[in-house]
Amino acid sequence: MISFGHAAFVGLGAYAVAIGLQAGVTSAWIVWPAAMAVCSLFALAVGAISLRTKGVYFIMITLAFAQMLYYLLGVAEGVWQARTA
């Protein structure tokens, strides 16, 4: 099986670390496991849906989840920038 969703997990983990650091958590021993927990929950939700598909449909659904997360975080980035300005 080929998955195109790995970029979504990397991006989600990066956002989780950045949000944790912005919130004032300066210890990497707290922020990194929290980011792994966020990514694990997202992986559980994506996996519950995408592992029911086979073949090219699996590739398409993992790519769709990655694109949905990219869009949602892109919109959220505009919201975060508006708050800090």
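Position 1 is the first residue of the sequence, and the numbers go up from there.
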Donor-acceptor pairs under 3.5 angstrom involving side-chain atoms of residues 60-70: please list them, not counting sequence neighbours.
unit_1: T62; atom_1: OG1; unit_2: F4; atom_2: N; d: 3.2
unit_1: T62; atom_1: OG1; unit_2: F58; atom_2: O; d: 3.1
unit_1: T62; atom_1: OG1; unit_2: I59; atom_2: O; d: 3.0

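- Hydrophobic clustering (side-chain heavy atoms under 4.5 Å, transitive across Ile, Leu, Val, Met, Phe, Trp, Tyr) groups I49 together with F9.
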May I have the list of side-chain donor-acceptor pairs in residues 30-44 shorter than 3.5 Å, sequence neighbours left out?
unit_1: S40; atom_1: OG; unit_2: M36; atom_2: O; d: 2.7

